[in-house]
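Below: one structure, written as structure tokens.
We name chains A, B, ... by the order of the sequence lines, and we start the count at 1 in each one.
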Amino acid sequence: MPSEFQITFEGKAIAAREGQSVAAALVAAGERCLRVDEAGNPKGAVCGIGFCWECRCSIDGVPDIRACMTQVRPGMIVRRQRGLDGCSER
Amino acid sequence: MQRAIAIIGAGPAGMAAAVEAVRRGCRVTLVDEGPRPGGQIYRQAHPSLAGGEFAEPAELARKRRLIAAFQAVIDRIDYRAEATVYAVFPNGEIHLAQGDRTEVLRPDAMIIATGVREQAIPFPGWTLPGVMFAGGAQAMLKAQRVLPGRNAVIAGCGPLPLVVAAQLLRAGGRIAALASLRSLRTMLRHPGSLWSGRHILREGLRYERTVRRAGVLQLTGYVPVRAIGGEHLEAVALARIDAEGRVVPGTEQRIACDLLAINYGFVANSELVAMTGAEMRRDPLIGGWLPVIDTFGRTSVPGVFAAGDGAGLRGALVAECDGTIVGAAASVPSTAVGGATLQAELAETVARRARHLDFQQAVRATLRLPLGLWRLVTDETVVCRCENVRFGEIREALASGHRSLNAVKRNVRSGMGWCGGRTCLHAIAALAELATGEAPTEMMTPRPMARPVPFAAIARQKKAAAE
């Protein structure tokens, strides 16, 4: 694996480094809103360590993956879930 | 037959317990959610993410020493990284999920070393992106080499906000303000305890110097009362509060920021130990609901041990001693635990633990929260973030007689979402005490799943077992 590569978030290219979490790569790129909840509220990373589940994203078509607990891989496709739309491709 | 020990958590307590149990010839399985051992305090970056370390050299040395001791035995244990325990049963079964598979462990003894999580006092606007826990923001810096914000306000109580502010500054961040509920000089009221912790105190003073030299605006007695922004955080309103925790009128200050990192102390991750049926007690100052344990970390359930901060917040050095003691106690037959041989072998570690515990008296003085501070939670404030339950609904449920946390949960759904009450349970307990004058006597009953797990992962295990 190259040590620096790209992932995409909502179709945008985001720079990432091997060993980083998805949440860290997104925050470093200035992306604060990682999800929109059922009531329409924007949500971001909160606990940073996996207990709050606020940063869950759709990753490579699988919904509800914690961005802070998932390490980046080259070409990863990350989507912002909106309410009950988990952006599932399964 | 080799004794089988399962350890949950690879922080200081879990790592030290594993080292000790291996040394005593046990077969050890260690389950941890992180990608690398270390837990929260000794969280490690991926090897390819070289970069600056912003913690004090003495802390880094402690981290390196314990991780090296653990790495020396790692080939002799069944170490499960990125694995989640989602249930523990009174019969001693541990159910874990790893990737898309689940598995059941049936060890002779289990050591639950699940640590603590951060505590927040909710306030209007705290659900905006950009409001984080201070330790979570620190984790981004420590393990990800990422600045969680360019212009941060850090707030709360105890030592962590100062440490995080200093580390963010050292990493090149800007701190717009550091708001502390009370001065860390509160520790001076415990001079004897400070002497026991003088090495740690020296590290704290160096963090303090970093913040002072940077000319950071330091507001003592101030707390965040409102987070302001649209799609994300843009500013925070800080205000001074009095000794009862009431906002002092006319003291509000609005400060622009893109990160608000808060920490009001810690809550024990005691859900798994409670699931075993172990007797619990409540002490909000050191983590809320905690298992009742003896010197050797034995809970009321035979074969179930608890160690480290998850058994009562006492810091990494105590946790490491705990791990050694509990690792030893879990490795011998139950009849030998109280025996003279084990007592003699552990005497030095028990004495060292007592010295570290002494310093914790001083730390605790900085973590005390006046109950009135929970008045920051207005009726409109979202308390349960997962289910968007506002305090007004919880207050009405309490007023209409739903006094237990279980009854509140069943009526307004607080604690029923993705995090299972991890983020709001302690807040609801404190709010119930403030509203009714009575502290809840029982925790919200923790049940499987302790973490959400895909049905498919469980179905696969059942299918494999049937074949």
Side-chain angles (χ1 to χ4, degrees), chain A residues 1-5 14-57 60 62-74 80-81 83-84 86 88 90, chain B residues 33-36 39-40 43-51 82 84 115 117-118 120 126-141 143-150 229-233 258-259 261 267 269 382 385-388 417-420 422-424 451-452 454:
Chain A
M1 196 191 288
S3 64
E4 294 186 17
F5 47 83
I14 302 282
R17 294 167 68 190
E18 184 190 8
Q20 275 180 335
S21 70
V22 172
L26 293 178
V27 167
E31 296 290 346
R32 307 311 293 243
C33 172
L34 306 188
R35 183 170 63 90
V36 178
D37 75 8
E38 290 83 343
N41 304 307
K43 294 289 184 82
V46 180
C47 77
I49 65 169
F51 73 79
C52 80
W53 290 82
E54 289 281 47
C55 68
R56 58 190 197 270
C57 290
D60 291 335
V62 182
D64 300 321
I65 308 290
R66 289 173 289 181
C68 74
M69 296 293 280
T70 306
Q71 298 195 47
V72 289
R73 288 183 307 273
R80 183 187 282 144
Q81 295 180 202
L84 295 176
S88 177
R90 285 206 287 205
Chain B
E33 265 203 308
R36 288 166 289 280
Q40 302 312 331
R43 182 178 276 270
Q44 298 186 81
H46 187 280
S48 77
L49 283 178
E82 295 184 283
T84 296
R117 55 182 179 262
E118 292 182 86
W126 80 302
T127 58
L128 278 173
V131 181
M132 283 190 80
F133 283 108
Q138 183 192 34
M140 285 217 174
L141 189 62
Q144 316 289 341
R145 315 297 191 200
V146 157
L147 264 180
R150 308 264 159 232
E231 288 301 296
H232 54 80
L233 179 74
D258 65 352
L259 170 70
V267 181
N269 292 316
V382 170
R385 305 171 61 110
C386 299
E387 296 287 322
N388 276 311
W418 282 80
C419 84
R422 303 297 183 278
T423 321
C424 68
R451 291 275 199 264

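- Ranking Glu82(B), Gln138(B), His232(B), Met140(B) against chain A, the residue ahead of the rest is Met140(B), based on heavy-atom pairs under 4.5 Å.
- When heavy atoms are compared at a cutoff of 4.5 Å, Asp258(B) approaches chain A by way of both its backbone and its side chain.
- Cys386(B) and Cys52(A) make their closest contact through SG-O, 4.3 Å (heavy atoms, listed as atom of the first residue, atom of the second, distance).
- Contact check for Phe51(A) versus Asn269(B): no side-chain heavy atoms found under the 4.5 Å cut-off.
- Of all the heavy atoms in Trp53(A) and Cys419(B), the pair that sits closest is CD1-CA, 4.0 Å.
- Using a 4.5 Å heavy-atom cutoff, the side chains of Val46(A) and Arg385(B) are in contact.
- A donor-acceptor pair under 3.5 Å is formed between the side chain of Ser48(B) and the backbone N or O of Glu18(A).
- For Thr84(B), the side chain to side chain contact (heavy atoms under 4.5 Å, CB included) partners at least two apart in sequence or on another chain are Arg66(A), Glu33(B), Arg451(B).
- Below 4.5 Å, heavy atoms of chain B meet heavy atoms from Arg32(A), Cys33(A), all part of residues 29-36 of chain A.
- Other residues, nucleotides and ligands contribute more than 12 heavy atoms inside 6.0 Å of the CD atom of Glu38(A).
- Within the model, atoms CD1 of Ile49(A) and CD of Glu118(B) stand 6.5 Å from one another, a figure rounded to the nearest 0.5 Å.
- Among Gly420(B), Pro148(B), Gly230(B), the residue making the largest number of heavy-atom pairs under 4.5 Å with chain A is Pro148(B).
- Contact detail for Asn41(A) and Asn388(B): the closest heavy-atom pair is ND2-OD1, 3.3 Å.
- Taking all atoms of both residues into account, the shortest heavy-atom contact from Gly48(A) to Arg43(B) is O-NH2, 4.4 Å.
- Proximity to chain A (any heavy atom under 4.5 Å) is restricted, for Leu147(B), to the backbone atoms N, CA, C and O.
- Neither the backbone nor the side chain of Pro47(B) comes within contact range of chain A; no heavy atoms are under 4.5 Å apart.
- Glu54(A) has its side chain out of reach of Thr423(B): every pair of non-hydrogen atoms, C-beta onward, lies at least 4.5 Å apart.
- For the set Ser21(A), Ala25(A), Ala39(A), the count of heavy-atom pairs under 4.5 angstrom toward chain B peaks at Ser21(A).
- Each of Gly44(A), Ala23(A), Pro42(A) has some count of heavy-atom pairs under 4.5 Å with chain B, and the biggest count is that of Pro42(A).
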